[in-house]
Amino acid sequence: MKEITMSSQFDDLARPYESTVASMAVRKHLEYPSYMEAVGELGGLAVLDLGCGSGVYSRRLRKWGAERVVGVDISEGMLAYARAREAEERIGVEYLARDITNPLEGPDADLDGAFDLVAGVYVSPYAPTVNQLHGLFRTARRALPATGGRFVTYALNPEAATQPGYYSDYDFDLVRAEPSGSRTVPEGAPLRLTVTVPERTFSVIAYRWSRDVQEEAAHDAGFTRLRWIQPHVSEEGLRLHGEAYWKPYLDCPHTLILDCTTGQTGTNP
Ligand SMILES: C[S@@+](CC[C@H](N)C(=O)[O-])C[C@H]1O[C@@H](n2cnc3c(N)ncnc32)[C@H](O)[C@@H]1O
């Protein structure tokens, strides 16, 4: 893959995204602990963080014990922020500019087969076409050794609620970007995700991919065992906010972990 950046809908969102980590209960008390649990021990591993954005998970993965972490993203603004943080904090993360949905043909000496784990937090929802979704999973598979490895990604739950206001208690809203009378959200439908952080409100466009389409992309890329994991709330999250606060979210989470493994057969329910 060659160095590539493009202006993107994320370019001026690095700081607001960083704010979501502290301000959004869903990120803090549900997404983060669930992801940590899913990836498990990282001691000595090499990790590639696809769609690393401002570097939130790249930095975390390194702090959780990964020996080598490489973050890749297409957004100039996100990469500039992530690199500036690295220059200041010296955590030991390398950031590269790549279009991860378009793996180039031919060998990519520095990335091919070089990682034990590929991470991808909220990146598959931003693949606008099935081809690009397949490209994303191929990029992940390509970074792992032929003998095996895992891609642990946060996907948009295709059954997420799209009624305006459903997630407003959680500081975001997810709605159909194109008006429609139908309750069924079609394959690839654009959704508008609007997030409120203390300093501002911002929106991005994501795409709804069914489980079947996501699983097919993973299988096509060579992942043989897939596991969908519903995130859970940490004890601290329950204590701070109470069960009633979390119930509507847990009844219909907007995101699910998709844990893709190579080298074994079978698909978990
Ligand atoms: C919602 S942000 C998530 C950032 C980070 N993983 C996090 O959890 O904070 C999605 C990121 O995916 C990146 N992205 C989207 N499409 C991409 C592509 N084709 N190639 C590389 N990065 C992409 C965006 O630039 C953005 O930084």
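Just follow the structure's listing: the first ligand is 1, and inside any ligand the first atom is 1. For reference, positions follow the sequence shown, starting with 1.
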In this structure, atom 1 (C) of ligand 1 is nearest to the protein heavy atom Tyr17 OH, 2.9 Å
Checking heavy-atom distances from atom 21 (C) of ligand 1 to each of Arg98, Arg60, Met78, the winner is Arg98
Min over Gly51, Gly120, Ala119 of heavy-atom distance to atom 4 (C) of ligand 1 lands on Gly51
Exercise. Anything under 30° is parallel, anything over 60° is perpendicular, the rest tilted; go ahead and classify Tyr170 against Tyr249.
Key: perpendicular
Any side-chain donor-acceptor pair under 3.5 Å between Asp99 and Thr101? yes
Practice problem: May I ask you to decide if His232's main-chain N or O and Ser34's side chain share a donor-acceptor pair within less than 3.5 Å? | Solution: yes
Step by step, would you call Tyr32 with Glu37 a side-chain hydrogen bond (donor to acceptor under 3.5 Å, both in side chains)? CA-CA 9 Å; Tyr32 170 71; Glu37 196 177 303; over 6 Å; no
Is there side-chain contact between Tyr126 and Tyr207, with at least one heavy-atom pair below 4.5 Å? no
Sub-3.5 Å N/O-N/O distance, Ile74 and ligand 1: yes
To atom 9 (O) of ligand 1, the nearest of Gln9, Arg27, Glu18 on a heavy-atom basis is Arg27
Donor + acceptor pair across side chains of Thr20, Arg27 (<3.5 Å) | yes
shortest atom 10 (C) of ligand 1-to-protein heavy-atom contact is with Tyr122 O, 3.4 Å
Subject >> Under 3.5 Å: N/O of Asp99 near N/O of ligand 1 >> reply: yes
Inset, instruction - Give yes if a backbone or side-chain nitrogen or oxygen of Asp73 is under 3.5 Å from a nitrogen or oxygen of ligand 1, and no if not. - result: yes
Checking heavy-atom distances from atom 15 (C) of ligand 1 to each of Tyr154, Tyr126, Tyr57, the winner is Tyr126
Exercise for review: For the pair Glu86 (side chain) and Glu94 (backbone), establish whether a donor and an acceptor sit closer than 3.5 Å, ignoring hydrogens and angles.
Suggested key: no
of all protein heavy atoms, closest to atom 2 (S) of ligand 1 is Phe10 CE2, 3.8 Å
### Query
Quick check: does any side chain N or O of Asn157 sit under 3.5 Å from a backbone N or O of Pro253, one acting as donor and the other as acceptor?
yes
Are any of the N or O atoms of Ile100 closer than 3.5 Å to those of ligand 1?
-> yes
Under 4.0 Å from one or more heavy atoms of Ser75, ligand 1 contributes atoms 25 (O)
Checking heavy atoms under 4.0 Å, the part of Cys52 that sits near ligand 1 is backbone
Val121 heavy atoms within 4.0 Å reach ligand 1 at atoms 3 (C), 5 (C), 6 (N), 8 (O)
Check whether the side chains of Glu31 and Tyr57 place a donor and an acceptor atom closer than 3.5 Å, and report yes or no. yes
In terms of its nearest heavy atom to atom 12 (O) of ligand 1, the top option of Val21, Leu96, Asn102, Val123 is Val123
Rounding to 0.5 Å, atoms CG (Leu96) and CG (Leu111) come to a distance of 6.0 Å
